[in-house]
Amino acid sequence: MSRTAEYVAYGRMDQLHELQQPRSDARGELNFLLLSHVKELLFRAVTDDLGHARYALEQDDAAGACVALARAARTQRVLVACWESMNGMSVDEYAAFRHVLENASGVQSFAYRALEFAMGNRPPEQVAAVAVDGHESLRAELAKPSVYDAALRHLARQGFAIPVPCLEKPADRQHEPDVLVEDVWLEIYRDPGQHREAHRLAECLLEVAYQFSQWRAVHLLVVERMLGGKSGTGGSDGAAWLRAINEHRFFPELWTFRTRL
Ligand code: HEM
């Protein structure tokens with residue numbers, strides 16, 4: 001078998017290239033579809049690394065968690081960079097094929113939702129929806145603690161005063177901001193030399209949260225560029241809806257403690 005054939009067989013590249021089937025002849029649609037597939041796969045890559053970080057934290061291996069979080073953040077930067085390619089499309093090119101999407105929207109992406117769940121954004125209405133007819137991967141994700149939950153439990157085992165309700169809540173319930181958790185991050189950042197490992201973990205977590213917010217922020221800009229004030233194919237009012245979501249922060253106390261430092 002030739003080198004090329006092995007490459008094709010190993011990666012099932014012929015099947016991969018079968019997947020991008022534009023529904024129109026519009027020039028921009030193939031790039032849009034290719035980039036959508038790339039992003040879906042990268043969502044999964046980030047979730048996979050977050051899963052490794054969670055496992056390492058459960059073993060109290062903070063250094064191992066940091067390695068996984070650092071790779072997740074690298075992949076997130078690639079996710080942000082993907083918008084650059086999509087921005088090569090002018091608004092008229094997008095308008096020429098938008099109708100073929102019908103009501104398809106990224107909001108329906110189970111890979112993206114699994115990533116949000118792994119990070120800890122688990123609004124009760126979404127958890128309830130998963131129980132009714134959610135994708136298998138989402139049910140599996142909700143049965144596990146988020147990476148932030150795992151980090152707080154790890155810190156508790158290291159002797160930090162994480163409040164008991166944060167440690168004992170059901171896995172599928174999202175963490176609610178707690179001033180006592182803010183106190184713990186404050187303690188760590190007031191004396192990083194004394195808490196080197198916890199400080200490193202906090203920096204790695206924050207970078208992942210930062211990159212996530214950056215992806216959302218650029219998505220919003222792309223949406224304004226492509227839609228102006230139009231509503232979304234998924235039924236939301238478009239940019240306004242995404243602007244509100246942009247206010248959300250993962251690992252909330254890691255952002256808020258800074259005011260007090
Ligand atoms: C022309 C490009 C794009 C436009 C105009 C656009 C527009 C929108 C809009 C308006 C929404 C809000 C929900 C709705 O009503 O549909 C949305 C949500 C979303 N989009 Fe996009 N989008 C674009 C590209 C992408 C791509 C390439 C991805 C990645 C595969 C993506 C992923 C998402 C996700 C995950 C959500 C849900 C966000 C959340 O639940 O917080 N979008 N998009």
Side-chain angles (χ1 to χ4, degrees), residues 16 19-24 26-47 50 72 75-130 134-135 137-138 141-142 146 174 208-252:
L16 180 65
L19 294 176
Q20 292 80 40
Q21 306 274 352
R23 289 179 175 174
S24 74
R27 177 73 190 100
E29 193 188 348
L30 180 62
N31 183 271
F32 175 83
L33 197 45
L34 284 163
L35 266 293
S36 297
H37 281 177
V38 168
K39 289 195 180 206
E40 276 281 318
L41 295 174
L42 294 180
F43 291 153
R44 182 165 146 208
V46 177
T47 306
L50 293 182
T75 307
Q76 289 176 295
R77 284 182 210 112
V78 180
L79 269 163
V80 174
C82 285
W83 292 123
E84 275 305 300
S85 176
M86 200 163 276
N87 273 333
M89 174 167 68
S90 60
V91 63
D92 50 291
E93 278 182 305
Y94 180 54
F97 71 85
R98 188 178 187 226
H99 63 282
V100 305
L101 304 177
E102 299 188 3
N103 71 350
S105 163
V107 79
Q108 299 148 3
S109 164
F110 61 80
Y112 178 81
R113 204 56 58 201
L115 173 54
E116 285 236 4
F117 286 170
M119 293 282 289
N121 191 21
R122 302 171 176 204
E125 62 282 4
Q126 285 183 14
V127 172
V130 167
H135 193 270
S137 64
L138 296 182
E141 195 56 56
L142 287 178
S146 73
Q174 72 182 356
V208 168
Y210 179 92
Q211 291 300 331
F212 208 120
S213 288
Q214 188 151 352
W215 186 87
R216 281 172 167 168
V218 184
H219 180 236
L220 172 59
L221 281 173
V222 174
V223 170
E224 288 188 38
R225 186 172 181 154
M226 300 298 169
L227 297 185
K230 284 182 201 157
S231 53
T233 45
S236 80
D237 58 359
W241 187 76
L242 289 166
R243 205 168 287 125
I245 286 178
N246 264 259
E247 295 286 309
H248 171 267
R249 293 286 175 267
F250 292 98
F251 320 151

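Ligands are counted one by one from 1 in listed order, and the atoms in each one are counted from 1 as well. Everything quoted here is computed from the prediction, not taken from an experiment.
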Proximal ligand 1 atoms for [X], defined as those under 4.0 Å from one of its heavy atoms:
X: Gly238; value: 10 (C)
X: Ser36; value: 27 (C), 30 (C)
X: Trp215; value: 32 (C)
X: Ile245; value: 41 (O)

*Ring geometry between Phe97 and Tyr94 (parallel below 30°, tilted from 30 to 60°, perpendicular above 60°)*: perpendicular
Is ligand 1 less than 4.0 angstrom away from at least one heavy atom of [X]?
X: Ser109; result: no
X: Phe97; result: no
X: Arg113; result: yes

*asked:* Assess, by modelled atom type and distance only, whether the side chains of Arg113 and His135 contain a donor and an acceptor separated by less than 3.5 Å.
replied: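 No donor-acceptor contact under 3.5 Å links the two side chains.
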*asked:* Show the nearest heavy-atom pair for residues Val100 and Arg23, with the distance to one decimal.
replied: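 Reported closest heavy-atom pair: O-NH1, 2.7 Å.
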*Between Gln174 and Pro124, what is the shortest heavy-atom contact and its length?*
NE2-CD, 4.4 Å
Shortest protein heavy-atom distance from [atom], along with the residue and atom involved:
atom: atom 25 (C) of ligand 1; value: Trp83 CH2, 3.6 Å
atom: atom 29 (C) of ligand 1; value: Lys39 CD, 3.5 Å
atom: atom 27 (C) of ligand 1; value: Met86 CE, 3.3 Å

_Counting only heavy atoms from other residues, nucleotides and ligands, does the tally under 6.0 Å from CD of Gln20 exceed 12?_
yes
*Inspect the surroundings of OH in Tyr210 and state if more than 12 heavy atoms from other residues, nucleotides or ligands are less than 6.0 Å away.*
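Check fails, neighbour count at 12 or below.
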*Short question: side chain of Glu93, backbone of Ser90 - any donor-acceptor pair under 3.5 Å?*
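Judged by distance alone, yes, a pair lies under 3.5 Å.
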*asked:* Given 3.5 Å as the limit, does a donor-acceptor pair link the side chain of Arg243 with the main chain of Gly238, or not?
replied: no
*Of the listed options Ala239, Pro123, Gly234, Ser236, closest to atom 13 (C) of ligand 1 (non-hydrogen atoms)*: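 It is Ser236 that holds the nearest heavy atom.
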_Option set Phe43, Phe32, Tyr112, criterion heavy-atom distance to atom 38 (C) of ligand 1, minimum_ =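 Closest candidate by heavy-atom distance is Tyr112.
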*Working to the nearest 0.5 Å, report the span between OH of Tyr112 and OG1 of Thr47.*
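Atom-to-atom, Tyr112:OH and Thr47:OG1 are 10.5 Å apart.
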*asked:* For atom 21 (Fe) of ligand 1, which protein N/O/S atoms fall under 2.8 Å? Skip waters.
replied: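 Under 2.8 Å from atom 21 (Fe) of ligand 1 - ignoring waters, which are not counted - the protein N, O or S atoms are His219 NE2.
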*For Gln76 and Phe212, what are the C-alpha separation, side-chain angles and deciding distance, and is it a side chain to side chain contact (heavy atoms under 4.5 Å, CB included)?*
CA-CA 7 Å; Gln76 289 176 295; Phe212 208 120; 3.8 Å; yes
